[in-house]
Amino acid sequence: MPITIVNVGYRSTNYWVVSAGTSRLLVDLGFPGSMGEMRANLRRAGVPLEEIRYALATHYHIDHAGLAQELKHAGVPLLVIDLQLPAIPLMKRWTKPHDRFVDITLDDNVVISAAESRARLAAIGIAGDIVPTPGHSDDSV
Ligand SMILES: [Zn+2]
């Protein structure tokens, strides 16, 4: 199955839908409080939310993981690489009440190691690895 990649970003930030047919991975997860914009851009790109098998944040800064919990509420499982776990609780430090950030719960995510990512992605039809790329932040993948 060929892989397609579509940008559904907004506010100068890229959010990517990686698809194998209708099996999809959303890479980077929007600003806090922007679920309406994300939904609109997914609709415009012809991507039903129900077809997104996992949401993956490349790192836990608010412009890349701001909608993680709201996407979970909408039925999209959050795929977390274990090395990202310490960064998640730190996110709310960088948010203010008017951001409408919904804090990310830790007990209901799909947590795997980077080494396990190839098999996990293969199971949804996507050939690839999730690799640690520390630099911008310790939790970047
Ligand atoms: Zn960042």
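Ligands are counted one by one from 1 in listed order, and the atoms in each one are counted from 1 as well.
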**OP:** Pick out which of I126, I5, I3, V17 makes a side-chain contact (heavy atoms from CB on, under 4.5 Å) with L25.
**Re:**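 Of the listed residues I126, I5, I3, V17, the side-chain contact (heavy atoms from CB on, under 4.5 Å) partner of L25 is I126.
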Subject >> In the protein, N/O/S atoms that are found under 2.8 Å from the Zn ion (ligand 1), waters not counted >> reply: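 Sorted hits: H59 NE2, H61 ND1, H136 NE2.
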Subject >> Joint cluster assignment, I124 & V76, ILVMFWY side-chain distance < 4.5 Å >> reply: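 I124 does not cluster with V76.
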Original post:
Under 6.0 Å from the CG atom of D138, do we count more than 12 heavy atoms belonging to anything else shown?
Top reply: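 At most 12 heavy atoms, drawn from other residues, nucleotides or ligands, come within 6.0 Å of this atom.
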**OP:** Only counting residues at least two apart or in another chain, list the ones meeting side chain to side chain donor-acceptor pair (under 3.5 Å) with E50.
**Re:**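 Side chain to side chain donor-acceptor pair (under 3.5 Å) list for E50, sorted by chain: empty.
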**OP:** Sort and list the pairs that fulfil side chain to side chain donor-acceptor pair (under 3.5 Å) and have at least one residue in residues 83-94, not counting sequence neighbours.
**Re:**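 Only K92-D103 qualify under side chain to side chain donor-acceptor pair (under 3.5 Å).
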Subject >> Any pair counted as ring-ring contact (aromatic ring centres under 6.0 Å, His included), so long as it reaches residues 12-59, sequence neighbours left out >> reply: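 Of all non-adjacent pairs touching residues 12-59, those that pass ring-ring contact (aromatic ring centres under 6.0 Å, His included) are Y10-Y15, H59-H61, H59-H64, H59-H136.
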